[in-house]
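Okay, structure first, notes after.
Both backbone and side-chain heavy atoms feed into the values below; hydrogens, waters and symmetry mates do not. Proteins come first, then strands; the chains are lettered A, B, ... in the order of their sequence lines, and each starts at number 1.
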Amino acid sequence: MTVSFKGNSSRRAFLKGSLAAGGTLAGVTLAQAEGADPLITEKQPWAQGLGDGVDASPYGLPIQYEGDVIRRNVEWLTADTISSINFSPIHALDGTITPQGCAFERHHSGAIELKKEDYRLMINGLVDQPLVFTYEDLERFPRVNRTYFLECAANTGMEWAGAQLNGAQFTHGMIHNMEYSGVTLRTLLEEAGLDAAGDLTDKWVYVEGADASSNGRSIPMEKALDDCIIAFKANGEALRKEHGYPVRLVVPGWEGNMWVKWIRRIEVMDQAVQSREETSKYTDTLENGTSRKWTWVMDAKSVVTSPSPQAPIRHGHGPLVITGLAWSGRGAITRVDVSKDGGKTWETARLANPGQPMAMTRFYLDTTWKGEEMFLQSRAMDETGYVQPTKTQLRAVRGENSIYHNNCIQTWWVNASGEAENVEVS
Amino acid sequence: MSKYRKLVVGATLAAIFATPALAGKMGLGRAALPEEIAAWDVDVSPDGTGLPEGSGSVEDGEMLFSETCAVCHGEFAEGVDNWPKLAGGRDTLNRKDPLKTVGSYWPYLSTAFDYVHRSMPFGNAQSLSANDTYAIVAYILYSNDLVDDDFVLSSENFLEVEMPNADGFIVDDREVAEKSFWTTPCMSDCKTDVKITMRAAVLDVTPDHSGDETAPEATKEPEKQQKEAEAPAEVRPTMAALDEDLVAKGEKVFKKCKACHQVGDSAKNKTGPILNDIHDRRIGMVDGFKYSKTMAEMGAEGMIWDDANLAAFLSKPKAFVKGTKMSFAGLKKDADIAAITEYLKSVSR
């Protein structure tokens with residue numbers, strides 16, 4: 001953007017224009033200080049002494065004052081922390097990129113420590129030449145950089161039967177959004193050769209990890225050749241151990257369980273293995289007891305991250321930024337609407353940047369709050385025309401036993417003091 | 001499978017300027033050897049592809065299950081605490097909170113074999129032979145009343161076993177069943193009434209550290225440190241010589257504990273704490289392990305893991321430490337408790 005304010009006339013025109021459009025500047029009365037602020041009038045130690053030198057922390061952590069912006073666990077959810085999950089502090093983040101250090105973790109047999117030197121990736125099955133790659137080999141293939149969200153299929157899964165957990169971190173925090181660097185799965189499959197597989201339309205790729213759980217999943221060949229990535233960097237640096245160091249699979253827009261960590265084997269097959277993770281888990285039981293399987297795509301979804309139960313309004317009346325995140329496994333987010341009255345009326349929020357396919361989008365609603373009670377909701381729309389449904393709409397189709405894929409509209413009840421609570425409304 | 005083809009069209013444009021042009025094969029990597037493929041390619045498909053030769057009986061499975069699985073899944077596959085239940089739950093899938101087990105939910109027996117063989121037992125995966133796996137899967141079938149107690153499961157009869165919920169699944173039909181979600185959203189007068197129908201605060205199951213930004217955790221630390229400082233200093237009595245036979249017996253019994261506890265130089269805290277050097281030490285003091293409240297308090301009060309306390313805990317863990325995180329049901333035999341105590345002494349020196 002190259003807006004110029006050189007000439008006085010253009011500046012005046014700009015100010016006049018904005019006043020005419022909003023009219024809100026007129027009548028604004030600034031708060032009056034009760035006395036001089038000692039933070040300004042008195043010399044502060046940080047303005048006189050010295051701070052840390054370089055290398056005080058060769059790999060830095062957030063400053064101590066941000067010490068509560070961390071992943072958190074809900075202990076009663078699982079039997080132990082080895083096969084368990086925690087939640088990203090989305091209520092306290094802004095923008096769209098999730099820092100690796102607070103991006104949620106989900107392990108089935110714990111986060112293993114696997115050296116690059118000990119890493120091997122095998123491709124076998126219906127390929128022309130079964131191959132073994134080292135980590136070094138992978139780095140010699142042409143590389144791509146892509147930003148995608150990863151959402152656990154169980155995100156918001158505790159909310160099917162009613163409002164349960166009080167915080168966006170806990171209701172929607174099984175998600176992160178990172179920029180991945182790696183090699184496309186297609187590149188590696190073509191290196192092994194797919195002529196042996198014949199007609200590819202009914203073929204599958206089975207992927208498994210090097211950890212004890214193996215977490216094997218079957219992926220249709222069409223998806224494998226479309227946009228999957230064998231990734232070794234996230235947000236510019238090596239994957240963290242908890243996210244699959246040194247190499248994980250990226251399956252854009254599809255449920256997080258398929259993004260196999262520590263990926264060690266890719267097998268081209270003529271059928272789905274129907275592994276534990278694609279039959280007994282990650283299948284969605286409907287009200288009549290029948291279950292949907294192969295529900296891979298994550299539907300369009302959004303949540304207001306602030307204000308929210310962990311991020312109440314503390315600043316009093318006046319200007320208020322309502323913000324949140326939206327994403328869709330079917331493509332780019334095109335629009336997000338926000339309601340302050342529990343879904344009676346909606347306003348369209350501002351997208352911080354145009355939506356990117358299968359990546360998180362940040363939205364803002366710049367508004368004024370006068371202490372009125374609000375029932376805050378957000379509603380995402382994607383490029384296929386899908387509109388995020390209410391929980392009532394979802395329950396009408398699926399009942400309350402689905403566990404997975406709950407992408408309902410979330411409601412935060414904000415009271416007169418600015419505190420917010422997770423509620424369900426009629 | 002064409003259902004999502006139309007959905008990736010939007011991504012194509014963005015892909016144009018970022019995807020590297022592929023110029024045939026790169027000649028990277030090396031040929032995988034047959035024995036390497038055999039070592040890793042152990043997955044089993046519903047039609048039996050990948051199933052190894054072998055067999056195992058319900059009778060053998062019962063013993064194996066008791067030794068290697070029951071610590072989490074219960075003697076009758078009924079599940080301990082939050083660990084998965086493997087049996088029961090028939091006819092519950094269309095009710096509130098269905099119980100999904102191998103018998104009530106899993107559509108293919110191959111999945112059970114594949115998972116047990118590849119990923120179980122928890123903490124010691126890939127340790128079961130094909131025959132052991134057949135036996136354990138046979139016992140799980142028996143626990144679900146799907147076979148008789150004299151049943152022997154083998155690679156021969158594997159596909160004959162009928163799974164009750166084999167027809168209980170449909171392929172994702174969201175694009176049809178939820179077609180109404182592709183719509184034009186309402187912007188005003190969308191409903192007349194908005195009433196609260198449920199509140200999370202009433203249920204009160206959110207962890208209490210859920211981010212009250214005014215009370216960072218650092219402020220709680222001094223309190224804890226003080227508590228530790230007040231606790232009496234440890235007294236370590238001189239120890240008598242070890243009974244080596246008993247230590248050896250204890251090491252065997254300790255197999256039951258290995259899924260959760262490690263000992264030795266490279267031991268790490270897992271589901272349970274490291275058990276090096278705990279005998280005659282204060283309760284709940286292993287660095288970096290988050291103990292239950294009760295156990296932490298016992299330690300803070302100065303209680304130690306002497307023979308009597310160990311015996312009380314190991315015979316009835318939940319009775320001795322209310323709310324303990326240890327899901328183990330307890331050792332029934334006094335001889336086992338004596339043996340394991342001796343073994344723990346041996347790793348405490």
Side-chain angles (χ1 to χ4, degrees), chain A residues 67-68 74 79-80 82 122 124 130-133 137 140 142 144 162-167 191 212-214 220 222 226 265 271 273-274 276 279-280 285 288-295 310 330-332 342-346 357 375 383-387 389 397 401 421-426, chain B residues 1 7-8 10-11 14 18 20 25-26 28-32 37 40-41 43 45-46 81-83 93-94 98 105-108 111 115 118-119 125 168-172 177-178 181-183 185 187-188 190-191 193-201 203 205-207 210-211 216 218 270-271:
Chain A
D68 57 342
V74 175
D80 76 340
I82 306 292
M122 180 187 289
N124 73 309
L131 291 173
V132 172
F133 299 114
D137 292 334
R140 297 171 68 190
V144 293
Q164 186 156 228
L165 288 163
N166 214 12
E191 186 71 16
S213 82
S214 91
E222 185 172 350
D226 181 22
R265 197 168 68 88
Q271 61 180 321
V273 167
Q274 308 278 9
R276 174 183 183 266
T279 55
S280 80
T285 302
N288 67 4
T290 305
S291 304
R292 285 178 179 157
K293 66 174 181 179
W294 301 348
T295 47
Q310 296 161 286
R330 293 192 161 85
K344 284 186 201 168
T345 57
W346 296 84
F375 290 100
E383 61 181 295
T384 70
Y386 183 98
V387 179
V397 186
N401 288 334
E421 184 186 334
N422 176 11
V423 296
E424 254 181 57
V425 293
S426 55
Chain B
M1 256 192 291
L7 305 173
V8 296
K25 299 195 181 193
M26 308 285 295
L28 292 168
R30 62 161 177 86
I37 296 173
W40 275 9
D41 185 355
D43 57 75
S45 296
D81 296 341
N82 244 349
W83 297 102
L93 296 180
N94 59 356
Y105 194 62
W106 295 34
Y108 306 106
T111 311
Y115 189 70
R118 172 68 179 80
S119 304
F169 291 80
I170 55 167
V171 172
D172 185 4
E178 297 172 6
F181 298 169
W182 278 264
T183 183
M187 293 304 283
S188 58
C190 303
K191 46 177 143 170
D193 215 21
V194 172
K195 281 207 180 78
I196 295 173
T197 52
M198 188 163 180
R199 297 178 52 181
L203 199 61
V205 290
T206 310
S210 62
K270 292 287 173 184
T271 304

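- A donor-acceptor contact shorter than 3.5 Å is absent between the side chain of A/Ser280 and the backbone of B/Trp106.
- A donor-acceptor distance shorter than 3.5 angstrom exists from the side chain of B/Ser119 to the backbone of A/Ser213, with no hydrogens or angles considered.
- For A/Glu191 (side chain) and B/Leu28 (main-chain N/O), a donor-acceptor pair under 3.5 Å exists by modelled atom type.
- Atom OG1 of B/Thr206 sits about 4.5 Å away from atom CG of A/Leu165, to the nearest 0.5 Å.
- Between chain B and the residues A/Gly167, A/Ala332, A/Ser214, the most heavy-atom pairs under 4.5 angstrom are made by A/Ser214.
- When all heavy atoms are compared, the tightest approach of B/Met198 to A/Gly162 is SD-CA, 3.4 Å.
- Side-chain contact between B/Met26 and A/Pro142 is present, with heavy atoms from C-beta onward closer than 4.5 Å.
- Residues B/Asp172 and A/Lys293 form no side-chain contact, since every pair of their non-hydrogen atoms from C-beta on lies 4.5 Å or further apart.
- Checking side-chain atoms of A/Thr290 against main-chain N and O of B/Phe169 turns up no donor-acceptor pair under 3.5 Å.
- Side-chain atoms of B/Cys190 and A/Trp346, non-hydrogen and from C-beta on, do get closer than 4.5 Å to each other.
- Within 6.0 Å of CZ in A/Arg140 there are 12 or fewer heavy atoms belonging to other residues, nucleotides or ligands.
- The shortest non-hydrogen separation linking B/Gly29 to A/Phe133 is CA-CD2, 3.5 Å.
- In this structure, CG on A/Asn124 lies 10.5 Å from CH2 on B/Trp40, to the nearest 0.5 angstrom.
- Heavy-atom distances place both the backbone and the side chain of A/Val74 under 4.5 Å from chain B.
- Across B/Ile37 and A/Pro130, no two heavy atoms sit closer than the pair CD1-CB, 3.7 Å.
- Between B/Thr111 and A/Thr279, the shortest heavy-atom distance links the atoms CG2-OG1, 3.4 Å.
- Distance check, rounded to the nearest 0.5 Å: CG of B/Asp41 to CZ of A/Arg265 gives 4.0 Å.
- For B/Ser45, the side-chain hydrogen bond (donor to acceptor under 3.5 Å, both in side chains) criterion is met by no residue, not counting sequence neighbours.
- Using a 4.5 Å cut-off between heavy atoms, B/Phe181 contacts chain A through both its backbone and its side chain.
- To the nearest 0.5 Å, atom OG1 of residue B/Thr197 and atom CD of residue A/Glu424 are 4.5 Å apart.
- In this view, B/Glu178 and A/Arg292, A/Arg398 satisfy the side-chain hydrogen bond (donor to acceptor under 3.5 Å, both in side chains) rule, not counting sequence neighbours.
- Contact annotation for A/Phe375: only side-chain heavy atoms (C-beta onward) come within less than 4.5 Å of a heavy atom of chain B.
- In terms of heavy-atom pairs under 4.5 angstrom with chain B, the leader among A/Leu131, A/Thr345, A/Asp137 is A/Leu131.
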| Do A/Asp80 and B/Trp83 pass the side chain to side chain contact (heavy atoms under 4.5 Å, CB included) test, and can you show the C-alpha distance, the side-chain angles, and the key distance before you say yes or no? | CA-CA 9 Å; A/Asp80 76 340; B/Trp83 297 102; 3.5 Å; yes

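- Between chain A and the residues B/Asp193, B/Val205, B/Asp81, B/Thr183, the largest count of heavy-atom pairs under 4.5 Å involves B/Val205.
- Of the two parts of B/Pro107, only the side chain, counted from C-beta on, holds a non-hydrogen atom closer than 4.5 Å to a non-hydrogen atom of chain A.
- For the residue pair A/Gln271 and B/Pro46, the shortest heavy atom distance occurs at OE1-CD, 4.1 Å.
- Judged purely by atom type and a 3.5 angstrom limit, A/Glu421 uses its side chain to pair as donor or acceptor with the backbone of B/Ala201.
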